[in-house]
Amino acid sequence: MKLDEVKAYLHIDADITDDDAVLKSFMLAGECYLESATGKAYDDTNALMQVYIKMYVKQQYETRNDALLEKSLDAILTQIKISSDFESR
């Protein structure tokens, strides 16, 4: 997934680069968490995994304790974990 995709999801102008390093670290953390929580290899071409990363970064970046977002993230992780559509690592 590209940084510009995450920034667009967060409504951050592409030319604003102040938080790029933080956003990249959240993206990497999201990928690691997804793999750890599901036992599945991260596939940046998979739409469901892309949505998870965007939502994960949003949650971390905006530091909100949004119960609905947290439930959505948990549901996506569960789907990836139980699905045979994803390669195990």
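Here the structure is a predicted model, which means the values were calculated and not measured. For reference, positions follow the sequence shown, starting with 1.
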Residue list, side chain to side chain donor-acceptor pair (under 3.5 Å) with D74, at least two apart or on another chain: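 Scan of D74 (side chain to side chain donor-acceptor pair (under 3.5 Å), adjacent residues dropped) gives none.
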Applying side-chain contact (heavy atoms from CB on, under 4.5 Å), name anything that partners [X], two or more places apart in sequence or on another chain.
| X | value |
| --- | --- |
| D43 | T45, N46, M49 |
| D15 | D13 |
| S83 | Q79, D85, F86 |

Residues in salt bridge (Lys or Arg N to Asp or Glu O under 4.0 Å) with K7, at least two apart? D20
Does the pair I12 and D19 meet the rule for a side-chain contact (heavy atoms from CB on, under 4.5 Å), with working shown? CA-CA 10 Å; I12 299 172; D19 291 337; 5.8 Å; no
Heavy-atom pair of closest approach, residues T38 and L77: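 For T38 and L77, the tightest heavy-atom pair comes out as CG2-O, 3.3 Å.
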Please give me the minimum heavy-atom distance between L3 and K24, naming the atom from each residue.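 Closest approach of L3 to K24, heavy atoms only: CD2-CE, 3.7 Å.
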Please test Q60 against V22 for side-chain contact (heavy atoms from CB on, under 4.5 Å), starting from the C-alpha separation and ending with a verdict. CA-CA 10 Å; Q60 298 302 316; V22 171; over 6 Å; no
May I have the list of side-chain donor-acceptor pairs in residues 27-36 shorter than 3.5 Å, sequence neighbours left out?
residue	atom	partner	partner atom	Å
E35	OE2	Y42	N	2.8

Hydrophobic clusters here meaning ILVMFWY residues chained together by side-chain heavy-atom distances under 4.5 Å, can you tell me if L48 and M1 are in one? yes
Out of curiosity, does V51 fall in the hydrophobic cluster containing I53 (side-chain heavy atoms, cut-off under 4.5 Å, transitive links)?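 I53 and V51: one cluster.
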Q59 CD to L73 CG distance, which is reported to the nearest 0.5 Å: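 It is 5.0 Å, given to the nearest 0.5 Å.
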Between Y61 and V6, is there a side-chain heavy-atom distance shorter than 4.5 Å? no
Compare all side-chain heavy atoms of K58 with those of F26 and state whether any distance is below 4.5 angstrom.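 Counting from C-beta outward, K58 and F26 never come under 4.5 Å.
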